[in-house]
Amino acid sequence: MLPHHPPTLRLHTAGEKPLQNRIQELLEQALATLRQRGDLPPEAAAEIQVERPREEGRGDFATNLAMRLAKPAGRAPQEVAREIIETLPEAPEIADVEVAGPGFINFRLAEAVFQAVVGEVLTAGPAFGHSGVGAGTRIQLEFVSANPTGPLHVGHGRGAALGDALARIMTAAGFDVEREYYVNDAGRQMDILVASVMSRYRRHLRLSEKGFSEDDFPERGYQGSYIGEIASCVRESFGNQLDFEPTGLTDPDDPEEAIDLLIRRIREQIGEEHFSEVKGVALRFILEEIRADLDAFGITFDHWTHEREVVAEGAVDRALERLRGSGSLYEAEGATWFRATEFGDEKDRVVLRSDGAATYFANDIAYHGLKYERGFAHLIDVWGADHHGYVPRLKGAVEALGLDPHCLEVLLVQFANLYRGPEKVPMSTRSGQYVTLRELVEEVGRDAARFFYVLRRPDQHMDFDLELAKQDTEDNPVYYIHYAHVRIRSIHAKLSERGEPVPSSKDLAGADTSLLREEKEGRLLRELQRFPETVEGAALAREPHRVARYLQDLATEFHGFYNAHRVLGVEPELQRARLGLVEAVRQVLANGLELLGVAAPERM
RNA sequence: GCCCCGGUAGCUCAGCGGAUAGAGCAACGGCCUCCUAAGCCGUAGGUCGCAGGUUCGAGUCCUGCCCGGGGCGCCA
């Protein structure tokens, strides 16, 4: 018979794998005894690894300890395993221990250990799965940080979904996370943006003129429809006083030279002040769009840093002075270089161009210096994988500033290739040919989009088939999880339909869960027990996909249970226990979805 | 040429040095007088890119090669 009251055991306490730790303790005691008795040489030591066997029927936990000790002990692993088992202290949590295969020790735990998790979940509620492993460490998580030259597209979506889920998961794990967005509003691409807007503006003014040619739009300009909208804004504010004549525009063969020439012409003709004002209009317009798109995607930031402000407050000059002071800069070919090769980079990098302008890299050094000054214990940057070559030089510069490069962690997110059926959708910001994040959310829904993005490992290339997601949304895995949540809600609804009161979580926490003895109930309980360590693992490994996978597994176990057993209409005590079980499942589904920024619907 | 990330079932992908490599789609066969069948059960599907090496044990670690993506600017 199983005990009605579970042994006192700490579950899901801060930053722990309580069951594994308990088994580890018992094993340590056994080893100590064996050493004392001289059955094990004192120098025979091995890390005690307690894992969950992949295969069913091999118990709840297993250790390879005997195999690791076999060599130093000079005996067969199975023999060592038997000795360990014989020496293992009695413990109420352990129902059965056996030697298996090449020398594994398999543990089967008392059902009561898992039955206790229902009460744990219902008592903790939304906090179940939270832990203190992060110990309040201040983390800054910078993600998205898309250039303000156009709307967010589906490529940004992945970094957005990943970064936000990671922020939520790390917060649950006890880290103090600040979400940061860096606005690159100081570089040449902003000038190109102005040139694009002004070209569109000029077209608006002259469209009615005879002989007006439309094909003088710069080849390297940004071409999305939003450029026209910004041009309209500019026209509203300035009328036609910013007209200009792009003479000589078509002369250079090189489109890069052509756009630079155009920028110069516009600057000369409308004046630096107006140029800057147009830039401000464009920037505000686009940032507003980005903010709205992120909002629709369920993402908000705690802090926005503008590159222009970093420059304006003199941080770049200070950072470069500091580098110069430490001998990390030198002059060559008219430019100023950072000795990146001394910090493991492939080549030295320019920080001040021969025309005196600071490079993006220089600004980024200053920006990261400021981040360190803001007092974070750890910085995480989420970047697109195309920036990977940039990592060594930035870490090198941080080190050259006298800061600890280990506090800077860069997560590289691989691209998401978009498909419409079998055809790959070509994407280019400048040509304006892309699917925006907003369009994606409108087409497949916010929950499906976010879940899909976060289902893949960040360093895995992913294919996102729009056609499939649009045509057949039922195939989307998020519905499977949603359905599990809805089914539990509908059990509650049915209960009140029958005129029975729906017990609160608090009531159900006291249910006699020792009645949950069906195989499928045991599987569900084990799945629930795994949630806190899943969250912790996802936080420490920076891998939100673990939470997504976990939710799929939990939903699978729930649906299996639901189809095999009835919750309502069984004996009152069993009904109460099962209501507690499914409510615990619902709570964990809701908690897990919350960590991914996905809703948990009441009905479908 | 050098560097980074991948290559696992027809497709999309999991897999912490461990035992007989998994899931979801797609395919095939079953299951609703009963809490939502957006579900469940079953069948089939694999030389884990190739070749060596380390290990008691390799999809997992090391080396080389092949294929795909990305990066190697006084661009951002």
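Keep in mind it's a predicted model, so treat the numbers as computed, not measured. A note on names: the letters A, B, ... follow the listed sequences, proteins ahead of strands, and every chain is numbered from 1.
Ion pairing of A:D345 with A:K395 is absent here, as no side-chain N (NZ or NE/NH1/NH2) approaches a carboxylate O to less than 4.0 Å. A salt bridge is defined here as a Lys NZ or Arg NE, NH1 or NH2 lying under 4.0 Å from an Asp or Glu carboxylate O, and A:R188 with A:E256 meets this definition. Using a 4.0 Å cut-off between charged side-chain N and carboxylate O, A:R267 and A:D191 make a salt bridge. Ion pairing between a basic and an acidic side chain is recognised when a charged N comes within 4.0 Å of a carboxylate O; A:R82 and A:E79 show no such pairing.
Summarising the base pairing, B:U43 is matched to B:A27 through a Watson-Crick or G-U wobble pair whose two defining distances lie under 3.5 Å. If you check B:C32 for Watson-Crick or wobble pairing at under 3.5 angstrom, you find it has no partner at all. Across all strands shown, B:A19 forms no Watson-Crick or G-U wobble pair with both key distances under 3.5 Å. Using the Watson-Crick or G-U wobble rule with both distances under 3.5 Å, B:C65 pairs with B:G49. In this structure, B:C72 forms a base pair with B:G1, meeting either the Watson-Crick or the G-U wobble geometry with both donor-acceptor distances under 3.5 Å. Of the nucleotides present, none pairs with B:G59 by Watson-Crick or G-U wobble criteria with both distances under 3.5 Å.
For the pair A:R52 CZ and B:A21 C1', the interatomic distance rounds to 20 Å; values are reported in whole Å. For A:D185 and B:C75, the CG to P distance is 18 Å, given to the nearest whole Å. A:E98 has its CD atom 13 Å from the C1' atom of B:A19, to the nearest Å. The separation between A:R546 atom CZ and B:C16 atom C1' is 7 Å, rounded to whole Å. Between the CG atom of A:D459 and the P atom of B:C13 there is a distance of 12 Å, rounded to whole Å. The distance between atom NZ of A:K520 and atom C1' of B:C40, rounded to the nearest whole Å, is 8 Å. To the nearest angstrom, P of B:G24 lies 12 Å from CD1 of A:I481. Between A:K395 atom NZ and B:C4 atom P the separation is 14 Å, expressed in whole Å.
In this structure, A:Y390 reaches the bases: a heavy-atom distance under 4.0 Å links it to at least one base atom across the strands shown. Looking at heavy-atom distances under 4.0 Å, A:R457 makes contact with sugar-phosphate atoms alone, never a base. If you check every strand for non-hydrogen atoms under 4.0 Å, A:H485 touches nothing. A:D463 comes within contact range of the sugar-phosphate backbone alone, with a heavy-atom separation under 4.0 Å but no base atom that close. Contact annotation for A:R498: no contact, since no heavy-atom pair falls under 4.0 Å across all strands. Backbone-only contact: A:E346 has heavy atoms under 4.0 Å from sugar-phosphate atoms and none from a base. Residue A:A100 is classed as a base contact, given a heavy-atom separation below 4.0 Å to a base. Among the protein residues, A:V582 comes within range of no part of the nucleic acid, since none of its heavy atoms lies under 4.0 Å from any strand. Within the 4.0 angstrom heavy-atom criterion, no nucleotide atom of any strand lies near A:H492. Residue contacts shown for A:R549 are limited to sugar-phosphate atoms, with no base heavy atom under 4.0 Å away.
In the interface, the side chain of A:H388 is paired with the base of B:G70 through a donor and an acceptor atom under 3.5 Å apart. Side chain A:D364 to base B:A76: no donor-acceptor pair is found below 3.5 Å. For B:G68, the base has a donor-acceptor partner in the side chain of A:H461 [N/O atoms by modelled type, under 3.5 angstrom]. Interface remark: the A:D386 side chain does not form any donor-acceptor pair with the B:G71 base, using a distance-only criterion of under 3.5 Å. Not a single donor-acceptor pair, N or O on each side, falls under 3.5 Å between the base of B:C74 and the side chain of A:T359. One N or O donor and one acceptor, one from the side chain of A:R54 and one from the base of B:G59, sit under 3.5 Å apart.
A:Y453 and A:F464 have perpendicular rings, their planes meeting at more than 60° on a 0 to 90° scale where under 30° would count as parallel.
Once the 5.5 Å centre distance and the 30° plane angle are applied, the aromatic ring of A:F415 is found not to be stacked with the base of B:G70. The aromatic ring of A:H559 does not sit over the base of B:A37, since the test of centres under 5.5 Å and planes under 30° is not met.
For A:Y330 and A:F338, the ring centers are positioned 6.0 Å apart or more. The ring of A:W304 has its center no closer than 6.0 angstrom to the ring center of A:Y182. Aromatic rings from A:H485 and A:H482 are positioned such that their centres are separated by 6.0 Å or more.
The backbone N or O of A:A448 lies less than 3.5 Å from no partner atom in the side chain of A:Y479, so there is not a single donor-acceptor pair.
With both ends at atom P, the span from B:C48 to B:A9 equals 10 Å, rounded to whole Å. Annotation: B:G24 and B:C40 have their P atoms spaced 8 Å apart (nearest Å). Comparing the same atom, C1', in B:C41 and in B:G46 gives a spacing of 24 Å after rounding to whole Å. Comparing the C1' positions of B:C62 and B:G71 gives an interatomic distance of 25 Å, to the nearest angstrom. Atom name C1', nucleotides B:C72 and B:G59: the rounded distance is 31 Å, in whole Å.
Comparing B:C34, B:U20, B:C74 against the side chain of A:R353 picks out B:C74 as the nearest. Here the nucleotide nearest the side chain of A:K347, chosen from B:A37, B:C72, B:G18, is B:C72. If you check B:G39, B:C35, B:G15 against the side chain of A:K494, the one that comes closest is B:C35.
Each of A:N106 and A:G187 lies near RNA chain B, and the nucleotide nearest A:N106 is the one positioned closer to the 5' end. Taking for each of A:A62 and A:E602 the nucleotide of RNA chain B with the nearest heavy atom, the 5'-most of the two is the partner of A:A62.
For A:Q460 and B:A14, the shortest distance from a side-chain N or O to OP1 or OP2 is below 4.0 Å. Put simply, A:R489 has no side-chain N or O that comes within less than 4.0 Å of OP1 or OP2 on B:C35. Between A:Y480 and B:C40, a side-chain N or O to OP1/OP2 separation shorter than 4.0 Å is present.
Nucleotide B:C16 carries an anti base; the chi torsion (O4'-C1'-N9-C4 or O4'-C1'-N1-C2) is more than 90° from 0.
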